Amino acid sequence: MPLSLAVIPWGVLTGALAIEAGFSAFQAQLMSLLVFAGAAQLSAITLIAGGSSFASIFASTVVISSRHLLYSITFRQHVESLPLRLRLLIGFLLTDEMFAVSQAHSNRSGAFSALFAIVSGATFYLFWNIATLLGIIAGEYFSELDSMGLDFAIAATFIAMTFAELRNYPILVAVLLSGLTAVLLQPLLADSYIVIAALVGMTGAYLCPDAQAIAESKVSS
Amino acid sequence: MIWLLLLGMALITFANRYLFFSKMIAYSPGPKFKRFLSYSSYSVLTAIWVPIIFHFDGQSEFQLAGLDYLLAAVLAGLLSFYRVASIIVVLLSTVLFFLIRFYLL
């Protein structure tokens with residue numbers, strides 16, 4: 001439950017910013033209903049507002065949501081035996097938050113529970129969409145004032161999501177490299193700089209000697 | 001056209017979540033590829049926010065977005081680094097952004 005409440009401000013922000021970026025109320029709501037991914041939605045809204053092509057938005061969506069592959073791999077062994085409709089449902093509801101609470105529940109109870117995953121995922125889905133609706137209503141009311149702060153609110157959100165882990169050395173490398181590459185490439189490659197910069201950051205972090213040592217020590221211990 | 005965008009994004013995010021639940025995929029990535037993937041969101045989010053604050057014209061000029069953006073971003077960075085809750089970071093830094101914008105500039 002506390003995590004459900006934590007998604008509310010982000011849902012409100014996403015709904016309000018979608019309206020500022022020129023989405024209709026129905027489109028903004030449909031985005032949360034269908035896509036159901038906070039970081040991917042906020043990124044797409046920023047890119048739309050900046051006039052990026054669909055191809056570049058899709059490419060950055062692929063990279064940004066590729067972390068879900070990790071969750072999908074982790075849950076695979078638990079859902080393999082479930083019927084198709086349940087696998088589809090758990091797949092649709094698989095988010096950062098649902099993964100986190102399901103893992104915690106598995107650790108506590110000693111076994112993965114499909115019911116727990118579905119109920120918690122559906123709760124996040126409900127809260128996310130109600131919060132988006134509130135944001136849409138707020139966005140329709142304050143259109144003039146907030147359009148000036150649209151890009152800053154998104155920058156602040158993404159700073160908050162990345163800087164909390166800067167003490168982790170490979171993540172520091174990822175942030176420095178992808179930020180620098182993005183600034184340098186933006187004037188040259190208006191459409192693909194985000195994905196290229198992200199891949200440079202990921203590769204740099206992956207090649208960090210410290211990270212390899214840590215990963216290997218974890219494997220061997 | 002936005003409809004096409006929403007549909008495409010929905011397919012992409014669903015595919016990334018469901019991929020390894022599908023019986024058709026036998027491949028399982030190793031720990032190295034998993035580690036590579038674990039840096040994806042930090043890298044993409046950074047590649048999106050940094051150009052909002054810093055611009056480079058492709059020749060020689062570096063431009064900052066302005067004192068309002070810069071100071072508020074520094075505040076956001078500091079608060080986040082010291083693990084203040086994200087939503088508080090966004091609220092405080094956006095308030096600072098508007099204060100500078102309306103009272104100093």
Side-chain angles (χ1 to χ4, degrees), chain A residues 9 23 27 30-31 34-35 37 39-40 43-44 46 54 57-58 60-70 72-73 76 79 87 91-92 94 149 151-153 155-164 166 170-171 174-175 178-179 182-184 186-188 194 197-198 201-202 205-206 215, chain B residues 1-10 12-14 16-23 28-29 31-32 34-58 62 68-69 72-73 76-77 79-81 83 86-87 89-90 93-94 97-98 101:
Chain A
F23 284 58
Q27 288 166 338
L30 202 65
M31 190 185 213
L34 293 178
V35 182
S43 307
T46 318
F54 278 15
I57 297 173
F58 288 148
S60 56
T61 306
V62 168
V63 181
I64 209 165
S65 69
S66 66
R67 72 185 186 287
H68 290 111
L69 288 171
L70 289 172
S72 185
I73 294 163
R76 178 190 219 173
V79 303
R87 277 185 286 134
F92 180 76
L94 184 54
D151 50 355
F152 182 76
T157 303
F158 290 177
I159 289 171
M161 287 176 176
T162 49
F163 271 44
L166 277 193
I171 290 176
V175 164
S178 65
V183 170
L184 292 177
Q186 191 192 21
L188 304 171
I194 291 173
M202 290 161 76
Y206 177 78
Chain B
M1 283 302 275
I2 294 222
W3 304 108
L4 199 64
L5 177 82
L6 296 184
L7 197 66
M9 285 185 67
I12 291 168
T13 51
F14 180 72
N16 275 316
R17 290 164 175 170
Y18 182 72
L19 187 71
F20 289 102
F21 292 1
S22 160
K23 303 256 189 218
S28 194
K32 291 192 168 177
K34 288 188 192 172
R35 194 161 62 77
F36 180 71
L37 284 181
S38 72
Y39 303 123
S40 65
S41 53
Y42 298 100
S43 302
V44 183
L45 297 178
T46 305
I48 292 173
W49 77 256
V50 173
I52 296 175
I53 314 287
F54 304 96
H55 294 289
F56 178 58
D57 68 1
F62 260 111
D68 44 359
Y69 283 87
L79 291 177
S80 314
F81 186 75
R83 304 247 161 89
S86 309
I87 193 66
V89 171
V90 176
S93 60
T94 307
F97 173 81
F98 279 113
R101 178 149 246 191

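Below, chains carry the letters A, B, ... as their sequence lines are ordered, and counting in each starts from 1. All figures in this text were calculated on a predicted structure; none of them were measured in a lab. What you see below is based on every heavy atom in this structure, not just the backbone, and it leaves out hydrogens, waters and symmetry mates.
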Quiz item: In terms of heavy-atom pairs under 4.5 Å, which option from Ser40(B), Ser41(B), Gly8(B) contacts chain A the most?
Solution: Ser40(B)
Quiz item: Looking at CZ of Arg87(A) and CZ of Arg76(A), how far apart are the two atoms once the value is rounded to the nearest 0.5 Å?
Solution: 11.0 Å
Exercise. Report the option among Ala160(A), Ser60(A), Ser72(A) that has the most heavy-atom pairs separated by less than 4.5 Å from atoms of chain B.
Key: Ser72(A)
Quiz item: What part of Leu4(B) gets closer than 4.5 Å to chain A, counting heavy atoms only: side chain, backbone, both or neither?
Solution: both
Quiz item: ring-ring contact (aromatic ring centres under 6.0 Å, His included) between Tyr18(B) and Phe92(A): does it pass, once the steps are laid out?
Solution: CA-CA 7 Å; Tyr18(B) 182 72; Phe92(A) 180 76; over 10 Å; no
Quiz item: Pick from Ile57(A), Val62(A), Thr46(A), Leu166(A): which one has the most heavy-atom pairs with chain B under 4.5 Å?
Solution: Val62(A)
Quiz prompt | Pairs of heavy atoms under 4.5 Å with chain B: top-ranked of Met31(A), Arg67(A), His68(A) | solution = His68(A)
Quiz item: Between Leu79(B), Val89(B), Thr94(B), Ile12(B), which has the largest tally of heavy atom pairs under 4.5 Å with chain A?
Solution: Ile12(B)
Exercise. Could you look at Val175(A) and say if it's the side chain, the backbone, both or neither that has a heavy atom under 4.5 Å from chain B?
Key: both
Quiz item: CD1 of Ile159(A) to CD1 of Ile53(B): how many Å apart, nearest 0.5 Å?
Solution: 5.5 Å
Quiz item: Using a cut-off of under 4.5 Å for heavy-atom pairs, which of Leu34(A), Val63(A), Thr61(A), Leu69(A) has the most such pairs with chain B?
Solution: Leu69(A)
Quiz prompt | Proximal component of Gln27(A), with respect to chain B [non-hydrogen, under 4.5 Å] | solution = both
Let me check something: any side-chain donor-acceptor pairs from residues 45-52 of chain B under 3.5 Å, sequence neighbours excluded? List them with distances.
| unit_1 | atom_1 | unit_2 | atom_2 | d |
| --- | --- | --- | --- | --- |
| Thr46(B) | OG1 | Tyr42(B) | O | 2.6 |

Exercise. Could you pull out the closest heavy-atom pair between Phe14(B) and Gly91(A), with the gap in Å?
Key: CE1-C, 4.1 Å
Quiz item: To the nearest 0.5 Å, how far apart are CZ in Phe36(B) and OG in Ser43(B)?
Solution: 8.0 Å
Practice problem: Please report the C-alpha distance between Asp68(B) and Phe98(B) in whole Å, then the side-chain angles of each, then the deciding distance to 0.1 Å, and finally whether the side-chain contact (heavy atoms from CB on, under 4.5 Å) criterion is met. | Solution: CA-CA 8 Å; Asp68(B) 44 359; Phe98(B) 279 113; over 6 Å; no
Quiz item: Of the listed residues (Ala197(A), Gly201(A), Gly179(A)), which shares the most heavy-atom pairs with chain B below a 4.5 Å separation?
Solution: Gly179(A)
Quiz item: Checking heavy atoms, do the side chain of Phe21(B), its backbone, both or neither come under 4.5 Å from chain A?
Solution: both
Exercise. Output the distance between atom OG (Ser93(B)) and atom OH (Tyr69(B)), rounded to the nearest 0.5 Å.
Key: 12.5 Å
